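Report on one structure; see the data block that follows.
In what follows, residues are counted from 1 in the order of the sequence shown. These numbers were taken from a predicted model, which means no experiment stands behind them.
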Amino acid sequence: MDIKGSRQLYNKLLLIYTFILLCVISALVIYFYSSTKNRFLEQNLRYTKMMSESAATYLGDCSDTAEYIHQDLYKSNMELRDVLHYLTDEPSAYLQYRLNTFIENKNSEYEGIERFFVDAFQAYSSLNHVILYSYERDEITEYTRDGKRYKSNGDSAFKKMLEKGNLVEEDSFSYLKEIRDPTTMQVKGCMILGFRSNRFESIQEYYSQADLIVYNEAGSAVFQPTNKHEIFDLIEADENDTLEHVLNAYVEKIQDGQYHAVSYLEKNRAAKVPLSIVIMILAVGIIVLILGEFFVRYHLQKLAKRLNRILSAMTQVMDGKLDVHIPADKNGDELDVISRYFNEMCINLDEHIKKRYLAEIEQKNAEMAALQSQINPHFLYNTLEAIRMKAICNGDREVGKMLYSLAVTFRAQIKEADVITLAQELHYSKKYMELFTFRYQDQFQYEVVCPEAYLQLPVIKFVLQPVIENYFIHGIRMKAQDNFIRIIVEKEDDYRIIVEDNGWGMTTAEINTKNAELEHDVMKKQGSIGISNVNRRLKAVYGKAYGIYIEARKGGGLRVILRFRPEECDEWEKEGNIHHEESNDRRR
């Protein structure tokens, strides 16, 4: 094989495929960047428009609020008269009027101008202050949200502000509503309602890309961004088309009464893509390029590896590994033919060896079965029974009972089916515990409490014996005379077998650790498998929601709770109820 020539072809193809891949990915990166740029432009323009609309909406709400307050004043005759007297009367005469009105309305609450403004502040959170100005007495009274009232005389600056309609102060803007006497229609004064302007700052922060400027007809700025005073001068003097040209920005301008809201977005920022997104696009392009280069190299190297794969497979067969398979790429060349013949040869050779090996295994199994059949369970049962009868004949009945309990336990674990009735499981457990009553005479007692209705409930076998054995290994108190185990069967949402004892018990930390192991089905490599084995079997048969839970027993000892619910439980309960009704009918 001309290794040099094939390597030159490999490098040539690699360069061609890499160049094509680089061109395609570069075009995709440019396309996605342009598309993202246009999307940000559309989004920022939409936000710019929404900013001006939000500002105009707030202006409209404040204007409507001022109108509502003005209308509410005229709807209340008592409050309107109180305002008119306040604007026209001297302080002493106004106080006398209030006193007379209060006396006349002794059966109802007096509602004066203070109460009216308190209700207005409570109803409208955007209302910042209210100013009453009396034209006749040239007196200014300002009411604030904190319930305070300030009086002053109208100075020239205030009158000039009213004349120009320039109702803009620091952190607030106002609407002027004249107050007329409804009988004569003469203007007695005015009410200036001031609203918070910090709402515009929140709007500016929410739409952070664009800038917002709010001003009135008199040319005073209600709100403008920091260090943007020169922009406000341009906006005040020019129209939209001129602004867009001068500011090199997209401009949205909305007027609401005497106030104007202008939002503008500089064009050099309008379509600006965040650096993080640019990095992400480039990173995706680089990742795609790397993956593409990887697949190109993989495709080109695949051809060169085919021959090495065949040689490697032959080496493995020489080392005794016969399950080698060479993929046939179906290219129709000689390497595919060699691969198919090689695979068939390995299969035939492996089958020949397996036939000979299996024949030897069958021979060994037959010999082992013949040996095991000489010591079968029946031989052990009969032997135990013969020993038991001999002990009874000799008058040693306790030994006979122990041998009988041992034989029953041994027979249950070997011959019974995997699923037995609860009555059988409890019976075998009793026989197992009887062995320990002989071992710990006058030191140990047991009790089984199970409703008769649950005795025929199906349950997997060998779930109680490991729990009982665990007690005798770790829990029994050798020097005590009142050791006991109590087995209780009950039903809540599921069936539960509770094994409780008064043994040594466990600490709270040990109980929590053990319950965590049981919950996550952790079985330690060392030590008895006992409870962990039963827990794993219960979860495997009945589901992960079931198994074993351990808790401390009041008075000392442990309570081991086995939770299970057979799949056929509903059918069993239904059949049990039918049998119970039939037995009641027979009794009747």
Side-chain angles (χ1 to χ4, degrees), residues 377-378 380-385 387-389 391-392 396-450 454-478 480-490 495-505 527-538 541 547-548 550 553 557-564:
H378 292 286
L380 296 176
Y381 304 154
N382 295 336
T383 302
L384 288 173
E385 183 65 18
I387 297 172
R388 186 177 74 87
M389 294 306 298
I392 293 174
D396 198 344
R397 293 185 174 274
E398 289 188 357
V399 174
K401 290 181 180 180
M402 293 176 67
L403 289 172
Y404 175 71
S405 298
L406 179 61
V408 170
T409 303
F410 182 56
R411 182 183 295 110
Q413 303 307 325
I414 295 180
K415 296 194 66 177
E416 290 289 355
D418 291 334
V419 179
I420 60 177
T421 64
L422 184 57
Q424 290 174 297
E425 180 68 14
L426 293 175
H427 174 69
Y428 300 143
S429 299
K430 289 179 182 178
K431 295 303 178 184
Y432 182 71
M433 288 187 289
E434 284 179 0
L435 293 174
F436 289 93
T437 58
F438 292 110
R439 179 178 178 182
Y440 303 105
Q441 291 188 0
D442 300 327
Q443 288 184 287
F444 166 72
Q445 294 179 350
Y446 68 88
E447 180 184 2
V448 177
V449 180
C450 177
Y454 300 157
L455 290 177
Q456 298 303 315
L457 184 68
V459 64
I460 59 174
K461 71 175 184 179
F462 198 51
V463 293
L464 285 175
Q465 189 272 337
V467 178
I468 297 171
E469 179 185 4
N470 188 72
Y471 163 72
F472 286 112
I473 294 176
H474 303 288
I476 191 169
R477 295 172 292 126
M478 296 298 184
Q481 302 296 319
D482 59 344
N483 293 292
F484 76 87
I485 287 182
R486 182 180 294 112
I487 300 176
I488 304 171
V489 181
E490 62 181 30
Y495 289 95
R496 299 185 177 188
I497 303 176
I498 302 173
V499 181
E500 62 178 19
D501 62 70
N502 64 342
W504 290 112
S528 173
I529 63 174
I531 292 180
S532 299
N533 179 273
V534 174
N535 179 67
R536 177 170 293 183
R537 290 168 59 213
L538 289 173
V541 175
I548 292 180
I550 300 176
R553 174 184 171 273
L558 289 179
R559 281 168 54 91
V560 181
I561 302 171
L562 294 79
R563 299 174 59 243
F564 68 100

Margin query: Is any side-chain heavy atom of Ser429 closer than 4.5 Å to one of Val448?
Written below: no
Note to self: In the structure I gave you, are the side-chain heavy atoms of Val560 and Asn470 within less than 4.5 Å of one another anywhere?
What the structure shows: no
Checklist line | Worked check of side chain to side chain contact (heavy atoms under 4.5 Å, CB included) between Phe564 and Leu457 | finding: CA-CA 11 Å; Phe564 68 100; Leu457 184 68; 3.5 Å; yes
Notebook entry, point to check: To the nearest 0.5 Å, what is the distance between CG (Asn533) and CG (Leu538)?
Noted result: 9.5 Å
Check: For Gly557, does its backbone N or O pair with a side-chain atom of Asp501 as donor and acceptor, under 3.5 Å?
Finding: no
Check: Rounded to the nearest 0.5 Å, how far apart are CG of Asn483 and CZ of Phe472?
Finding: 8.5 Å
Note to self: Just to verify, what does Glu490 make a salt bridge (Lys or Arg N to Asp or Glu O under 4.0 Å) with, not counting sequence neighbours?
What the structure shows: none
Checklist line | Leu562 and Ile548: CA distance, side-chain angles, deciding distance, side chain to side chain contact (heavy atoms under 4.5 Å, CB included) verdict | finding: CA-CA 5 Å; Leu562 294 79; Ile548 292 180; 4.0 Å; yes
Margin query: With rounding to the nearest 0.5 angstrom, report the CD1 to CZ distance, Ile498 to Arg553.
Written below: 12.0 Å
Item checked: pair Ile476-Tyr440: side-chain heavy atoms closer than 4.5 Å -> yes
Notebook entry, point to check: How long is the gap from CD1 on Ile487 to CD on Glu500, to the nearest 0.5 Å?
Noted result: 10.5 Å
Next item on the list: For Asn535 and Gly547, work out which heavy atoms get closest and say how close.
Entry: OD1-CA, 3.5 Å
Checklist line | Side-chain (Glu425) to main-chain (Phe462) donor-acceptor, under 3.5 angstrom | finding: yes
Margin query: Would you compute the distance between atom CD1 of Ile468 and atom CE of Met433 and round it to the nearest 0.5 angstrom?
Written below: 4.5 Å
Next item on the list: Decide yes or no for Tyr471 and Leu558: does some side-chain heavy atom of the first lie under 4.5 Å from some side-chain heavy atom of the second?
Entry: no
Check: Should Tyr446 and Phe436 count as side-chain neighbours, where that means a heavy-atom distance under 4.5 Å?
Finding: no
Check: If we only count heavy atoms from C-beta on, is the Tyr428 to Ile420 side-chain gap below 4.5 Å?
Finding: yes
Notebook entry, point to check: Heavy atoms, side chains only, cut-off 4.5 Å: are Ile460 and Val419 in contact?
Noted result: yes
Next item on the list: Inspect the surroundings of CD in Gln445 and state if more than 12 heavy atoms from other residues, nucleotides or ligands are less than 6.0 Å away.
Entry: no
Checklist line | CD1-CD1 distance between Ile550 and Ile561, expressed to the nearest 0.5 angstrom | finding: 9.5 Å
Next item on the list: Check whether any side-chain heavy atom of His474 sits under 4.5 Å from a side-chain heavy atom of Trp504, and report yes or no.
Entry: no
Notebook entry, point to check: Would a distance-only check, ignoring hydrogens and angles, find a side-chain to backbone donor-acceptor pair under 3.5 Å from Asn502 to Asp482?
Noted result: yes
